[in-house]
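Basis for what follows: all heavy atoms, side chains included, without hydrogens, waters or symmetry-related copies. The model shown is predicted, which means the values in this text are computed figures rather than measured ones.
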Amino acid sequence: MSENSYFTVVNVTFISSGDLRNFKDKAATFNNNKAVKFLKENGQVNYSIIEVEDGDSAKAIILWEYKDKESREKCQDYWNKWFEFDDNYIAKVTVSRGYRTFDWTSLPNLLEGDQ
């Protein structure tokens, strides 16, 4: 894990659980072996969908992790293709981007059990 990892974090509220399911189906198709190989070769570390446990809502957090900001730029042409395909869902989206500036790996004493 790079201490300078760059993230895109998207908070998504879907109109229904069916729309969330359609989104995940599209994501599974879009992240095929060939695509993941290309993305990893260009510095993308991971792509995750986290379903939010929020009662009756259909919400998710989507995480793109890159080695650095330049890696995101290299991968962006691929991710822009997402919009060329029909979407079978309705969602409200909020996007944030930035560098990781803190995580547990920066606390070696904590990880070694020292208090």
Side-chain angles (χ1 to χ4, degrees):
M1 174 170 58
S2 169
E3 58 188 71
N4 294 323
S5 291
Y6 189 78
F7 289 85
T8 297
V9 180
V10 177
N11 290 291
V12 187
T13 301
F14 296 91
I15 197 166
S16 70
S17 59
D19 283 354
L20 173 55
R21 187 172 42 256
N22 288 339
F23 177 86
K24 290 189 314 182
D25 289 346
K26 182 177 178 180
T29 300
F30 210 71
N31 285 277
N32 60 53
N33 288 340
K34 184 177 177 182
V36 171
K37 182 177 188 261
F38 167 81
L39 293 165
K40 285 185 174 222
E41 287 172 352
N42 284 281
Q44 185 163 344
V45 176
N46 199 9
Y47 171 85
S48 303
I49 299 173
I50 301 161
E51 290 189 46
V52 177
E53 296 179 345
D54 189 18
D56 297 329
S57 300
K59 294 182 181 179
I61 300 168
I62 318 305
L63 297 172
W64 287 261
E65 182 178 357
Y66 301 93
K67 289 190 320 186
D68 50 35
K69 190 173 184 178
E70 292 74 25
S71 297
R72 181 202 171 264
E73 297 302 322
K74 290 179 189 175
C75 296
Q76 196 56 40
D77 283 342
Y78 178 77
W79 286 110
N80 284 339
K81 292 180 186 343
W82 177 275
F83 302 105
E84 295 175 11
F85 299 93
D86 288 335
D87 291 327
N88 295 323
Y89 55 86
I90 298 172
K92 178 182 173 185
V93 176
T94 304
V95 179
S96 301
R97 292 189 177 91
Y99 287 97
R100 176 181 16 240
T101 58
F102 179 86
D103 69 14
W104 286 355
T105 61
S106 64
L107 303 171
N109 290 339
L110 179 67
L111 296 176
E112 294 170 6
D114 294 341
Q115 306 260 335

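Surrounding CD of Glu53 are at most 12 heavy atoms belonging to other residues, nucleotides or ligands under 6.0 Å away. Heavy-atom neighbours of Asn32 CG from other residues, nucleotides or ligands within 6.0 Å: above the threshold of 12.
A continuous path of ILVMFWY side-chain contacts below 4.5 Å connects Phe38 to Tyr47, so both sit in one hydrophobic cluster. With hydrophobic clusters built from ILVMFWY side chains whose heavy atoms lie under 4.5 angstrom apart, Ile50 does not share a cluster with Val10. Taking hydrophobic clusters as Ile, Leu, Val, Met, Phe, Trp and Tyr residues chained together by side-chain heavy-atom distances below 4.5 Å, Leu63 does not share a cluster with Tyr78. In the hydrophobic cluster analysis, where Ile, Leu, Val, Met, Phe, Trp and Tyr join through side-chain heavy atoms closer than 4.5 angstrom, Val45 is grouped apart from Leu39. Linking ILVMFWY residues whenever their side-chain heavy atoms come closer than 4.5 Å, directly or via other members, leaves Val9 and Val93 in distinct clusters.
Across every non-hydrogen atom of Gln44 and Glu65, the tightest pair is CG-O, 3.4 Å. Among all heavy-atom pairs drawn from Ser17 and Ala58, the shortest one is N-CB, 3.7 Å. Closest non-hydrogen pair, Ala60 versus Leu20, comes out as CB-CD1, 4.0 Å.
Proximity of Lys81 to Phe30: side-chain heavy atoms (C-beta onward) are separated by under 4.5 Å at one or more points.
How far NZ of Lys37 is from NZ of Lys34: 9.5 Å, rounded to the nearest 0.5 Å. Here OG of Ser96 is found 10.5 Å from CD1 of Ile61. Values are rounded to the nearest 0.5 Å. Atom-to-atom distance recorded for Thr8:OG1 and Tyr66:OH is 5.0 Å, nearest 0.5 angstrom. Distance OG1/Thr13 to CG/Asp19: 12.0 Å, rounded to 0.5 Å. Distance check, rounded to the nearest 0.5 Å: NZ of Lys40 to CG of Asn46 gives 7.0 Å. Atom-to-atom distance recorded for Asn80:CG and Cys75:SG is 11.0 Å, nearest 0.5 angstrom.
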Does the pair Asn22 and Lys26 meet the rule for a side chain to side chain contact (heavy atoms under 4.5 Å, CB included), with working shown? CA-CA 6 Å; Asn22 288 339; Lys26 182 177 178 180; over 6 Å; no
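Between Lys74 and Glu70, none of the side-chain N atoms (NZ, or NE/NH1/NH2) sits under 4.0 Å from a carboxylate O, so this pair counts as no salt bridge.
In this structure, Tyr6 and Tyr99 have perpendicular ring planes: the angle between them is above 60°, well past the 30° mark.
With ring centers used as reference points, Phe23 lies under 6.0 Å from Trp82.
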